[in-house]
Amino acid sequence: MIEVQNLVRTFNSGDRTIKPVNDVSFVLEQGTLASIVGKSGSGKSTLLSLLGALDKPTSGDVVVNGVSLAGMPDAKLTEYRRRDIGFVFQQFNLIPNLSAVDNVMLPMEFAGVRKAARAQRAGELLEQVQLDPSKHGRRINRLSGGEQQRVAIARALANEPKLILADEPTGNLDEQTGDHIIELLSSLSRDHATTILVVTHDRALANKTDRRFRLQQGKLTEEPVRGRAVAANV
Amino acid sequence: MSVLARSVGNAFRNKVRTAAVVAVLAVAIGLALAMLVANQAVGAKVQELNASVGTVLTVNPAGGQGFEGGGEPLTTDQATTAAGVPNVSAVVGTSSLRLRNAAEAAAQAAAQTGQTGQTGPGGQAGQGGPGAQAAATLTTSLTAAVDAGTLGNRNQQANGTAGAAGTTQQPVRSLPITATGIGAGVDTTGKALNITQGSGLGDYTAASTAALLGTTLAEKNNLTVGSTFTINDQTYTVSGLFDAGTTFGNNAVFVTLPSAQALAGTPGELSSMIVTVNSMDNVATTKTALQTALGADKADVTQGQNLQTAVSSLDSVKNISFIAFVAALGTAGLIILLIMVMLVRERRREIGVLKAIGAPNRTIGLQFVLEALVLAALGSAVGAAIASFASGGIASALISSNTTTTTATTGRGFPGGQGGPFGGASQLLNSVTATASPGVIAGGIAAVFGVAIIGALVPALLTARIRPIEVLRGE
Ligand SMILES: Nc1ncnc2c1ncn2[C@@H]1O[C@H](COP(=O)(O)OP(=O)(O)OP(=O)(O)O)[C@@H](O)[C@H]1O
Ligand SMILES: [Mg+2]
């Protein structure tokens, strides 16, 4: 379970301050698949980085399974990112001179997984995201954008995180592959009780999630998902 | 993929830049290693020279100028006087002879008119062997083991000034051989002779036809223990071979003192005296006492000064080479520091990615230190190759440039006959062989790695300050 309490993040750009995240609160039960929509520049990535402990809020707190991120020492935050979070970056952020498999193996290496087990799991994950086996050993900078996106998703799943934060995970994929990724994420939330928060412009994806939020002028509001009732606990 | 594998991979990420960095590092490391090798070689030589300077004083006739000398020769009576001076533990008289190959001398005498001015001053300088002043020239069946041309050239630089003072000789093809009659089993610097084969001359104060030959001279003439040769038609038997440690020193013959005096026709006269003082502490006072006892107008007492000059010039070479070693090492460390700082800045975003996916700070730091060590290892490999080719040249360049200045300023000041010991000293200088021993190279490379780690630590610590949010920033 993840509880977001009065989260604020402000930036100073020049002489004016912008508040892409301005007093945001919500609760996600374990195993929920939720989406955030909103205009470009509305602060979606900023919010996700706060939940993933990449950035620290100006005020407010994120409580994960009863543990508050505010005031957590850096080493603990690193451990939180390594063990509990799978982050799919909007810009993929893979290590360009490593192969697809090596990139997926990295988080497992940091978590102390043995080499043989790492290699096996990395191969399986890349198959799950439908990356052609001939490209598993290929260097990242020789893969297409969509291929890189799927490697980034595989990497986020590596340590079986409890919370997956995915920033536009289908943005570079064709419809069919995108659908497959959506199916993969839904099955994770269904079968493994993984909480998943996806930022997306993709209506199809947004409509397949359990809950849908809109971020607008720093405020988060919940919208009804077509065919589903609006959850009470916003 | 381990941290090490990633570091190696990263080190070769930009191959052109890696090659450039390795090349620059190799120059710095190569220079550091060459300086270390030179420093070690010179240090060993300084020790050797210091040991030989020791407690020995040399007494030469006073007032002599240049090679031929000019003063009254020393006498055995003076040796007795010297032995009576307090703290003197031994006095050994020497009588120097210069031997020319009989056949060559005859041939040369015939052709002399056509050959004047054949050799330059430097060619003569080498003749300034131990105790060579006022030496009588005799003929021998021996052929010198040192070629005048090469030794002349070699000594020209180091010994030019001293040589010029003694240039009154006719041109020669090969160097004269130094024969020294000696009153004990020591060389002209008072060091015990290093007999490598056979035995010494027994009683050095009695006339005999036994002789000691330098190893190279014996080899050149195909002589061994028991062989015979002649000096002025007198047959001598080789009783032993000695190794003086220098080419010049080995081109010499030792006979007993009375034999040499008889050959020179100067019984009772000495070319020099080697006075041993009972302890290092008494050397200075004994020197003064000895000078007073013998009279300043009759004798010059010197305390292996030429060797001391050599030692002090070598000492400065040693210091220079050490400073250069440290400086080159520091440069290598600085190169690594700068390149790693650059790499950390360049890979800021990537470091953010590693942190965002949960890499601990020490893993990232270690990765950068290892990458620096990969560069240092490549630089060391190339640098060691450079050093092994260059260190000999660098060492001798250091030594010759340094001793040239010292001899130029001090060489002329020595009273008569100093060409002798000085010739020996410069031979010693030239014989500093800077061989890149594996131990020294290994020690130097260990130092390089130490410096590389220090140099890489700063940028590695910088990575700890990069925050994971960097991943969201544009390039
Ligand atoms: N480090 C920063 N300093 C100043 N302003 C920032 C910084 N990071 C983000 N912003 C600003 O905050 C706002 C929200 O940015 P954010 O990246 O969260 O938008 P987004 O909703 O993810 O947009 P998109 O859909 O285009 O990815 C933007 O106006 C952006 O310019
Ligand atoms: Mg964004």
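Below, read A as the first sequence line, B as the second, and so on, with proteins coming before strands; counting in each chain starts at 1.
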For A:Ser59, the side chain to side chain donor-acceptor pair (under 3.5 Å) test, sequence neighbours excluded, returns none

Heaviest contributor of heavy-atom pairs below 4.5 Å to chain B, chosen from A:Ile85, A:Asn159, A:Val101, A:Ile95, is A:Ile95

Ranking B:Leu354, B:Thr363, B:Val353 by heavy-atom pairs under 4.5 Å to chain A gives rank one to B:Val353

The side chain to side chain donor-acceptor pair (under 3.5 Å) partners of A:Glu168 (sequence neighbours excluded) come to A:His201

Shortest non-hydrogen pair, B:Ala32 vs B:Phe325, comes out as O-CD1, 3.0 Å

So, the part of A:Phe87 with a heavy atom under 4.5 Å from chain B: the answer is neither

Bottom line for A:Arg155: the part with an atom under 4.5 Å from chain B's heavy atoms is side chain

message = When you measure from the side chain of A:Lys19 to the backbone of A:Gln217, do you find a donor-acceptor pair of N or O atoms at a distance under 3.5 Å?
response = no

Checked A:Thr78, A:Thr46, A:Leu94 vs chain B; the most non-hydrogen pairs under 4.5 Å come from A:Thr78

Check for a donor-acceptor pair, side chain of A:Gln148 on one end and backbone N or O of A:Leu143 on the other, with a separation under 3.5 Å.
-> yes

Per-residue tally against chain B (heavy atom, under 4.5 Å) across A:Lys56, A:Gln90, A:Arg81, A:Gln91 peaks at A:Arg81

